[in-house]
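For reference, the structure is listed below as structure tokens.
Residue numbers start at 1 and run along the sequence shown.
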Amino acid sequence: MLKIKTPKTQRAARALEKRASKLVENGKKTLILHGTKTSGVLNEVLTQIYHLKRGNAVKYTKKNKEIRPFESGGETSLEFYSLKSDCSLFVFGSHSKKRPNNLVLGRLYDHHVYDLVEVGVENLKPMESFVYDKKLAPKIGSKPFFAFIGEGFEGVEELKHLKEVLLDLFRGEVVENLNLAGVDRVYVCTAISPTTVFFTHCALRLKRSGTTIPRMELVEIGPSMDFVVRRHCLPNDSLKKEAMKTASQQSKKVKNVSRDVVQGKIGKIYMPDQQVGGMALSNDIKGLKRQRQEAKMKNSAKEDQAKKRMTDS
């Protein structure tokens with residue numbers, strides 16, 4: 001039998017409250033993991049992604065032998081680390097002769113694997129290889145722009161899936177309004193072929209244009225690399241339907257209840273006709289008993305007075 005354990009300390013209660021479902025969820029955190037064997041290129045890629053996601057990422061440096069996301073049972077350790085670190089995105093790197101410089105990007109729902117995209121990394125250029133004015137360096141936690149160039153992102157199923165995962169991975173917190181002056185970075189993804197995507201990170205420079213809309217210039221600051229799509233795994237329809245559920249923000253209308261600015265909450269109560277005039281009264285009513293006792297006491301008092309008069313006469 002499964003047991004529901006309640007927190008015994010205030011610290012545990014606060015931790016559970018943070019992980020509980022909310023109407024507006026917190027920003028998604030990314031879990032970065034190493035496989036059994038990794039190459040120097042792959043280690044550099046994981047480090048670069050961690051720097052791009054700094055503040056919203058958790059990186060484990062130890063090797064993980066039991067993690068195989070595409071195999072049945074190989075995602076158990078991955079889901080455990082996700083629950084432990086409270087992450088809903090992950091990046092897993094591994095290297096083998098069959099799949100060199102292999103990178104698995106994925107999303108999790110309720111700390112279970114939701115979908116996966118496997119890509120190979122080629123032509124890596126780290127941030128340190130780019131020369132630019134350091135004043136243009138983007139701030140940590142700033143919202144980025146995305147540019148997806150190429151018809152492959154609309155027609156090829158693998159690239160459409162990769163586009164969704166990259167958006168979730170790098171977009172940060174979801175906001176309703178955005179100040180253009182605070183946007184300082186752009187992620188550019190170009191579909192070179194049906195299986196290859198060129199990914200680069202650019203700083204955004206705003207210049208005067210003589211109008212209210214400024215002129216934008218892109219300065220490449222890295223990293224940049226080619227993603228070669230190898231495998232991908234989509235979620236089934238039932239899981240996708242469950243994950244897409246949203247709570248209704250409109251409160252249900254309560255019958256006969258209204259609100260007023262001055263009086264506040266007002267309720268109406270409907271009472272049926274009592275029909276008191278037609279009700280039958282019993283003889284055991286307390287009020288009638290009291291009247292009878294008072295009448296008996298008066299009658300006994302009159303009798304006593306009559307007896308006194310008879311004796312006096």
Side-chain angles (χ1 to χ4, degrees), residues 27-33 38-59 87 89-93 101-107 117-150 152-153 159-175 178-193 195-207 214-229:
K28 295 181 179 181
K29 294 169 62 178
T30 304
L31 179 65
I32 300 175
L33 297 167
T38 56
S39 62
V41 173
L42 204 57
N43 290 335
E44 187 66 30
V45 170
L46 295 177
T47 304
Q48 298 289 317
I49 294 175
Y50 177 70
H51 281 298
L52 293 176
K53 295 281 296 180
R54 179 170 291 180
N56 291 315
V58 178
K59 184 182 178 183
C87 294
L89 300 164
F90 73 90
V91 179
F92 177 74
N101 300 327
N102 198 53
L103 202 65
V104 180
L105 312 174
R107 296 179 286 185
V117 177
E118 185 181 69
V119 297
V121 179
E122 297 178 357
N123 303 324
L124 172 67
K125 292 182 180 180
M127 297 180 185
E128 294 77 12
S129 62
F130 292 89
V131 180
Y132 60 94
D133 188 2
K134 299 302 179 184
K135 294 180 180 179
L136 298 176
K139 297 178 181 178
I140 297 175
S142 61
K143 290 287 292 183
F145 276 151
F146 284 89
F148 291 94
I149 304 170
F153 291 111
L159 297 189
K160 288 169 65 177
H161 191 194
L162 179 62
K163 175 183 176 181
E164 293 178 3
V165 176
L166 289 176
L167 280 173
D168 260 359
L169 184 64
F170 292 108
R171 71 176 179 177
E173 292 189 11
V174 179
V175 295
L178 189 63
N179 187 0
L180 186 61
V183 180
D184 54 4
R185 68 173 71 194
V186 180
Y187 292 108
V188 181
C189 301
T190 307
I192 301 174
S193 69
T195 59
T196 306
V197 174
F198 173 68
F199 174 85
T200 185
H201 178 219
C202 300
L204 186 62
R205 179 188 295 174
L206 302 179
K207 288 191 172 184
R215 184 168 59 89
M216 299 183 181
E217 288 186 359
L218 299 183
V219 179
E220 194 172 7
I221 61 174
S224 69
M225 64 197 85
D226 291 339
F227 289 146
V228 181
V229 181

Response to the item:
Sorted by chain and number, sequence neighbours left out, salt bridge (Lys or Arg N to Asp or Glu O under 4.0 Å) with E164 holds for R107

Worksheet entry | Side-chain donor-acceptor contact under 3.5 Å, N101 with E122 | no

Item to complete: Flag the pair L52 / Y187 as yes when at least one side-chain heavy-atom distance between them is below 4.5 Å, and no otherwise.
Response: yes

Worksheet item: Shortest non-hydrogen contact from L42 to T38?
Response: CD2-CG2, 4.2 Å

Worksheet item: Can you name the salt bridge (Lys or Arg N to Asp or Glu O under 4.0 Å) partners of R54, sequence neighbours left out?
Response: none

Discussion item. Could you check whether any side-chain heavy atom of L166 comes within less than 4.5 Å of a side-chain heavy atom of L105, counting everything from C-beta outward?
Written reply: yes

Worksheet item: For F198, what residues pass the ring-ring contact (aromatic ring centres under 6.0 Å, His included) criterion, not counting sequence neighbours?
Response: none

Discussion item. Among residues at least two apart in sequence or on other chains, which ones pass side-chain hydrogen bond (donor to acceptor under 3.5 Å, both in side chains) with E220?
Written reply: T200

Item to complete: Please name all residues satisfying ring-ring contact (aromatic ring centres under 6.0 Å, His included) with F153, sequence neighbours left out, ordered by chain then number.
Response: F148

Discussion item. List the residues meeting side chain to side chain contact (heavy atoms under 4.5 Å, CB included) with V186, not counting sequence neighbours, and say none if there are none.
Written reply: F145, V188, L204, L218

Worksheet, complete the sentence: side-chain hydrogen bond (donor to acceptor under 3.5 Å, both in side chains) filter on T195, not counting sequence neighbours, yields none

Fill in: Non-neighbouring partners of K28 that pass salt bridge (Lys or Arg N to Asp or Glu O under 4.0 Å), sequence neighbours left out
D168

Practice prompt. Of all the heavy-atom pairs spanning G182 and S142, show the shortest one and how long it is.
Written response: O-CB, 4.1 Å

Worksheet entry | Side chain to side chain, M216 and L206, heavy atoms closer than 4.5 Å | yes

Item to complete: Only counting residues at least two apart or in another chain, list the ones meeting salt bridge (Lys or Arg N to Asp or Glu O under 4.0 Å) with K163.
Response: E154

Worksheet item: Of the non-hydrogen atoms in F199 and C189, which two are nearest, and what is the gap between them?
Response: CD1-SG, 3.6 Å

Item to complete: Mind checking side-chain hydrogen bond (donor to acceptor under 3.5 Å, both in side chains) for K53 and listing every partner two or more places apart, or none if nothing turns up?
Response: T30

Donor-acceptor pairs under 3.5 angstrom involving side-chain atoms of residues 123-139: please list them, not counting sequence neighbours.
{"unit_1": "N123", "atom_1": "ND2", "unit_2": "D226", "atom_2": "OD2", "d": "2.6"}
{"unit_1": "S129", "atom_1": "OG", "unit_2": "P126", "atom_2": "O", "d": "2.7"}
{"unit_1": "D133", "atom_1": "OD1", "unit_2": "K135", "atom_2": "N", "d": "3.3"}

Worksheet item: How far apart are the C-alpha atoms of L103 and L46, what are their side-chain angles, what is the distance that settles it, and do they pass the side chain to side chain contact (heavy atoms under 4.5 Å, CB included) test?
Response: CA-CA 9 Å; L103 202 65; L46 295 177; 3.8 Å; yes

Practice prompt. Sequence neighbours left out, what passes ring-ring contact (aromatic ring centres under 6.0 Å, His included) with F90? Give chain and number order.
Written response: none

Discussion item. Looking at every heavy atom in both R185 and K143, which two are closest together, and how far apart are they?
Written reply: CG-O, 4.3 Å

